[in-house]
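Comments concern the structure below.
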Amino acid sequence: MRAILAAAVLAAMPFVLGAYQLSLLTGGLAYGLMAASLALLVGHAGLPSLGHAAFLGVGAYAAGLTAKHLSESAVVQLGAAVLAGVVFALVTGWFAVRTRGFFFLMFTLAIGEIAVQAATRSGRVTGGDNGLSGIPVSTLFGLETAMPYVVVFYWWALAVVAAGFAVLAAVRRGPLGAAIAGTRENEARMAAFGYSVPGVRLAAVTVAGAVCAAGGALVAQKDTFVAPTHLGVGVSVLLLVMVLLGGRDSLAGPALAAVGLIALRDVTSGALGDKWLLVEGALFVLCVYLLPEGLAGLWRKRARAA
Amino acid sequence: MLVLREVTVRFGALAAVDRVSLSVEEGERRALIGPNGAGKSTVFAAVAGALRPVSGRIEFAGRDVTKLSEPRRARLGIGRTFQHSSLFTGLTCLENVALAVRARRGLGLRAWLPRGRRAEIEREAAGHLAATDVSPDGPAGALSHGQGRRLELAMALAARPRLLLLDEPAAGMSAAESAELASMLRALPPELTVMIVEHDLDLVFAVASRVTALAAGQVIADGTPAQVRASPEVQKAYLGT
Ligand SMILES: Nc1ncnc2c1ncn2[C@@H]1O[C@H](COP(=O)(O)OP(=O)(O)OP(=O)(O)O)[C@@H](O)[C@H]1O
Ligand SMILES: [Mg+2]
């Protein structure tokens, strides 16, 4: 119910916001979806990843390359991004889920850096250091000829984000979600029940990776540009800050934190420039100490008190 | 039903289980006794597949399972409880058992289940909880020790094993709780094979038809409860008389 209300309010935003703010919100929503997908790993599966941006990048490059060489249809690009996300999740996840805690952190960090290197080195395909530019504007069912592109694209992004959230929410609530939580709480018991613990974790990584790659496709379509830095540890940490700030046991919390952070960065970046990273770091430290359950925890506490 | 041939499990230099051979018939109630550190839990871990023997062979239901993974063996029908409390403390008691029910039905990794299926699973889980006298609501972490031990039994039974390994199910229970547990165990279906590790000898002799005694990783006696009780090695190693 609350989700439908939120979607309705968001769908009305083009009537309220100007083109610039709308475009900013589009980016915020895409990052919100990617942060929520990371929350599935960090909070629900107990797998703290430092390489989640790799999925953003894989989705973004897959969508961008599809746009340049195959199809200008936004839907086809999205499909390619999700497929690439699934394949990347299966290949890297197969190894990653066999590590734990600190080693998982280091392993995912390494995967992210390898992805950056791969994007930088294969210049002929990806544009190397300069990034993938010249991505054509994607078509959106022909609606873009009838209405301003920012508005149509915003609705497209909102639909993708809503679908991604529906997937994440359904997975969390269903048997697979229970199994994922079970492997977080008690691996030995799950194995004795007959669950393959690496299998359950790989499923979690695959769902999170596919959803994040969908967010990456939106980034590529919106900016018509992808850079190797999109895959890097800087973006991974940003996603992690969103998750911790919003609350890792929640989906809406990280999404809200994402929209808030993207807006905050936009407002302050002129004044702060590179010092934005300091703000991000300070927020990180603050939420670890003051908000262990994130904004969602604050909300829950208020609901309990009322 | 279960045959161990010269099974050895090592932790570094220590042979925690040292060339253990034993054979358990279908429907048997077998107790595994021995002093602390004898290797009882390690035998269970090797049978369940959580630990790999360095040598020897384990057969279950006529099949060599030595190289099979733990989840594979669970799906073949080996179920267990753990010596140390092994509940999902953040989940409700019903959900603790439902995880086992879904795994047995092969539905554990479904993204989604229709309402009818979900209700069926919850009914089955509630049935197992009723049989072990645990209330389905409330988090498993809030249970008393005795209730927690019974929940563990319900979780193991919900997997509908053919061989059930119970590692000190009465640990920390009062005499009354332990007697209640004994009557629950006696009421288990006769075709279910049960192996039980227990220090409470009253419970052992109330439940087991045969007893295997271990000391320092080796079998020192094997037979009826009376034979094992009378064995001089057992008296020396375990009963301390
Ligand atoms: N994970 C492990 N790593 C190293 N040594 C272990 C490990 N688990 C058990 N051991 C050692 O193996 C031996 C057998 O342990 P095991 O737990 O099987 O004994 P047990 O008969 O179940 O004892 P208890 O009655 O105390 O439960 C002990 O000496 C123990 O210290
Ligand atoms: Mg033991």
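A note on names: the letters A, B, ... follow the listed sequences, proteins ahead of strands, and every chain is numbered from 1.
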- Query: Which answer fits A/A181, side chain, backbone, both or neither, if we ask what part of it has an atom under 4.5 Å from a heavy atom of chain B?
  - Reply: neither

- Message: Would you compute the distance between atom CZ of A/F193 and atom CZ of B/R104 and round it to the nearest 0.5 angstrom?
- Response: 12.0 Å

- Please state whether the side chain, the backbone, both or neither of A/A170 comes within less than 4.5 Å of a heavy atom of chain B. backbone

- Message: With rounding to the nearest 0.5 angstrom, report the CE to CG distance, A/M190 to B/L99.
- Response: 5.0 Å

- Evaluate whether atom CZ of A/R173 has more than 12 neighbouring non-hydrogen atoms of other residues, nucleotides or ligands under 6.0 angstrom away. no

- Message: Checking an interface table here. Which of residues 106-125 of chain B come within a heavy-atom distance under 4.5 Å of chain A?
- Response: B/L107, B/G108, B/L109, B/R110, B/A111, B/W112, B/L113

- Is the count of non-hydrogen atoms from other residues, nucleotides or ligands lying under 6.0 Å from A/R248 atom CZ greater than 12? no

- Message: If we define contacts as heavy-atom pairs under 4.5 Å, which of B/A159, B/A48, B/A98, B/A100 has the most with chain A?
- Response: B/A100

- Message: If you apply the rule side-chain contact (heavy atoms from CB on, under 4.5 Å), what do you find for B/F88 with A/R184, and how did you get there?
- Response: CA-CA 10 Å; B/F88 301 97; A/R184 180 196 67 217; over 6 Å; no

- Output the distance between atom CZ (A/R189) and atom OG (B/S85), rounded to the nearest 0.5 Å. 10.0 Å

- Report, by ascending residue number, the residues of residues 49-79 of chain B in heavy-atom contact with chain A at a distance under 4.5 Å; give 'none' if the set is empty. B/E70, B/P71, B/A74, B/R75, B/I78

